[in-house]
Amino acid sequence: MSFLYPGVLAALAVVGYVVILHMIRRPDLPRIPFGSVMFLRPTAARSSGRRRLKDLLLMILRIAALGLLVTGFARPFVRSRQQDPLSQQGPGRSLVILLDTSASMRARGLWDQAMGHARSIIPSCEPHDRLCLMTFDQTPRTILDLRQWAQMSPQQAKDMAIQLLSTCRPGWSQTRPDLALQAALDQIEADVADDPSLADMVNQVILISDMRCPAEAAEAIGGLDWPKKVMLRPIALHPNGPTNATLELADQAPGLWVKVSNWSTSKNDRFRLRWPDLPDIEPLEVYVQPGGKTVLKVATGPMSGRLVLEGDDHDFDNSVFVAPRQDRSAIVYVGNPDRLDPQQPPFYLSKAIEPSGRQVTFTADLSSLPAEALRHALLVIVGPGGYKDPGRLSGFVRQGGVVLIIAADTQAARFIMDLADLQELPCQQVQMDQTYAMILKVDAGHSILSALAQPRYNNFTQIHIWRYFRFDISHIQDCRPLMWLDTNDPGLFELACGKGKVLVLAHRWNMPDSDLALSSKFVPLLYGLIEYADSIQDPPAQYYVGQRLPAELGPAIVTCPDGSEVQLAAGQAFTQTTMPGLYTIRSVGASRTVAVNIWPTEGLDLPLVADQVDALNMATSSSQEPIFKTTSTTGIADTHQLEARQGLWRWLLAACMLVLFAEAIWSSKGEGKERSS
């Protein structure tokens, strides 16, 4: 018999205290003086042996109760080959090792622990065993599958597994143990499907990880349909050093904001932020209490480069790369550039934009617009007289730009067709002679018109439209009407074009077409359009390791942080973001830099996997507990699971209660006789 907590058996020393109490507990009989005993009848002296026998049984009952109680708390279990399914020889065992190679495994001491556990498993495999070696981070990868192991001799398979294991290294990607566990189950099922005779084999999945993963992965583990024939052995690893703080990028507009999170086990609460490549900038002191987090502004203007956190035990999550943001704030108007004529759209556009401080560039046609101005443009508005050379705008809109076309004549329809690559766009001018058209309704769910849903802006009866163009958009895919006139014609609609959008206003916003520019709806509409263009063109502040970068329209060359270059064809996305750093993407006439950082969850104090494993009724083993013992007959039996399955402590506690009940009855019976005597 073995014990789960053998140290508790030391409490059996209290048994000696019970024996001592029974030895020193001898009742003192009182002496009663009598004047004369001549009148008493002489009787024979009684033997005290019966009393001594009663005291001995009472002592034995009390010792037995105490012994049963202590033994129950020691949690006994019986090791036997018949009770341990993992030690049965039969057809052998199928073992799947899942080795975590995510970024968090770069913490000090973790990788050495993981390799030590993995190396202890392989030599312990018996000739009839089968082993599969898999690594995982954001995606699981099979290094050696069960079929390959079976095709080699036992010693060759072990040598091959050790050799392949030595080539494994921790990467920079995210931890997804849920996908790894599912891949392990698929590996076992596929092996049984190929050879049904393996259905009786003992199956076990060994998860070697620090058990840190995002919340969605932990929830997915709790929802796994785990087969009863597959045993899970999670091995939680612990880093060498309790202090760790994680640095992550919070926001880049306005200024640069970062978040610093500190572990609850940290012994340090003061850290320092500095730019290694910018020595002229003074380091910034940061205070974060253990278990807390803080968000602070480290720069007021645009910054780029590498920001480093100092002061903890682990440096794998102490760097954040910041890419320079592209300046896309200018608005370009193409058409009649006269800003002094109230009969032209630029007059009202300049009046509405000037208070915001944004720059507006007016040009008569696209051919005279510098390429640099178009590259930094946030929004391009094409008005009367500007329906020429749509090819200059094609690359801009397909790369994510937004173009607003004001329909002033029938040439606008041809310009829209060439820009949005449409086969046809029927267009007809509508002149309201004795009356006017009004705006019937707007799509308030669109971000451009969301402000017009407010009560003070949702009344359109004061906007009169005397001339507009009727566009037939019923046959166009990816076309969204945003504004309807009371004539059931679209007044504003949106076309998808590559990554960008083309918006068409069916009339001018000034006289003699309409008085939209004179209404209170014009400024909210214009600023909603600007914010919408900003949300589309502004790329993400950062990407994470393993995420794909958006595809370029033309051929491109990507320069990785290690200096290597990757050629991309037109429309091909870049998927090789295997390390954090700055990636430079060069295409025809353009170049941009993208920041790739590690996932913040890799450094956060979130050991969630163990909690979800407990929900699967699988115990988590200690990182110091050996997995295999070549001289042991119990194999890799989990003592916690074996003891829980036997449940001997319940029977011991029940026996203890029965002994205490018998002791109480026997003790009360003896006391009653003494009182009667």
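The chain is numbered in sequence order, starting from 1.
T135 contributes no side-chain N or O that, together with a main-chain N or O of L99, makes up a donor-acceptor pair within less than 3.5 Å. The closest donor-acceptor contact from the side chain of W599 to the backbone of V545 lies under 3.5 Å. Listed for the S394 side chain is no donor-acceptor partner under 3.5 Å among the backbone atoms of G391. Panel note: side chain R141, backbone T139; a donor-acceptor pair is recorded below 3.5 Å.
The two residues T246 and G603 come nearest to each other via the heavy atoms OG1-O, 2.6 Å. Minimum heavy-atom separation, G311 to F271: O-CE2, 3.6 Å. Considering all non-hydrogen atoms of both residues, P580 and I598 come closest at CG-CG2, 4.0 Å. When all heavy atoms are compared, the tightest approach of M134 to V96 is SD-CG1, 3.9 Å. Contact between T361 and L369 at its shortest, heavy atoms only, is CG2-CD1, 4.3 Å.
Enclosure of atom CZ in R108 by more than 12 non-hydrogen atoms of other residues, nucleotides or ligands within 6.0 angstrom is indicated. Environment of CD in Q477: sparse, with no more than 12 heavy atoms of neighbouring residues, nucleotides or ligands closer than 6.0 Å.
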Intermediate values then yes/no, side-chain contact (heavy atoms from CB on, under 4.5 Å), L582 and T584: CA-CA 7 Å; L582 298 177; T584 302; 5.7 Å; no
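When only modelled atom types and interatomic distance are considered, D312 and N268 share no side-chain donor-acceptor pair under 3.5 Å. Using a 3.5 Å distance cut-off with no hydrogens or angles, the side chains of D269 and Q289 do not pair a donor with an acceptor. No side-chain donor-acceptor contact under 3.5 Å links T577 and Q547. For the 3.5 Å distance criterion, the side chains of E602 and Y544 fail to qualify, holding no donor opposite an acceptor. If you check the side chains of D178 and Q182, you find no donor sitting under 3.5 Å from an acceptor. When only modelled atom types and interatomic distance are considered, T559 and R586 share a side-chain donor-acceptor pair under 3.5 Å. S102 and D137 are not linked by any side-chain donor-acceptor pair at a separation below 3.5 angstrom, with hydrogens and angles left out of the test. Donor-acceptor pairing under 3.5 Å is lacking for the side chains of H238 and Q113.
Partner of L495 under the side-chain contact (heavy atoms from CB on, under 4.5 Å) criterion, out of D478, L503, I476: I476 alone.
A cation-pi arrangement is found for R106 relative to W172, the charged atom lying closer than 6.0 Å to the ring centre and inside a 45° cone about the ring normal. Geometrically, R212 engages W263 in a cation-pi contact, judged by NZ or CZ lying under 6.0 Å from the ring centre and within 45° of the ring axis.
One distance of note links CG of L296 with CD of E285; it measures 11.5 Å at 0.5 Å rounding.
A salt bridge between R272 and E282 is absent, with no side-chain N of the basic residue lying under 4.0 Å from a carboxylate O of the acidic one. Looking at R306 and D277, no side-chain N of the basic residue comes within less than 4.0 Å of a carboxylate O on the acidic one, giving no salt bridge.
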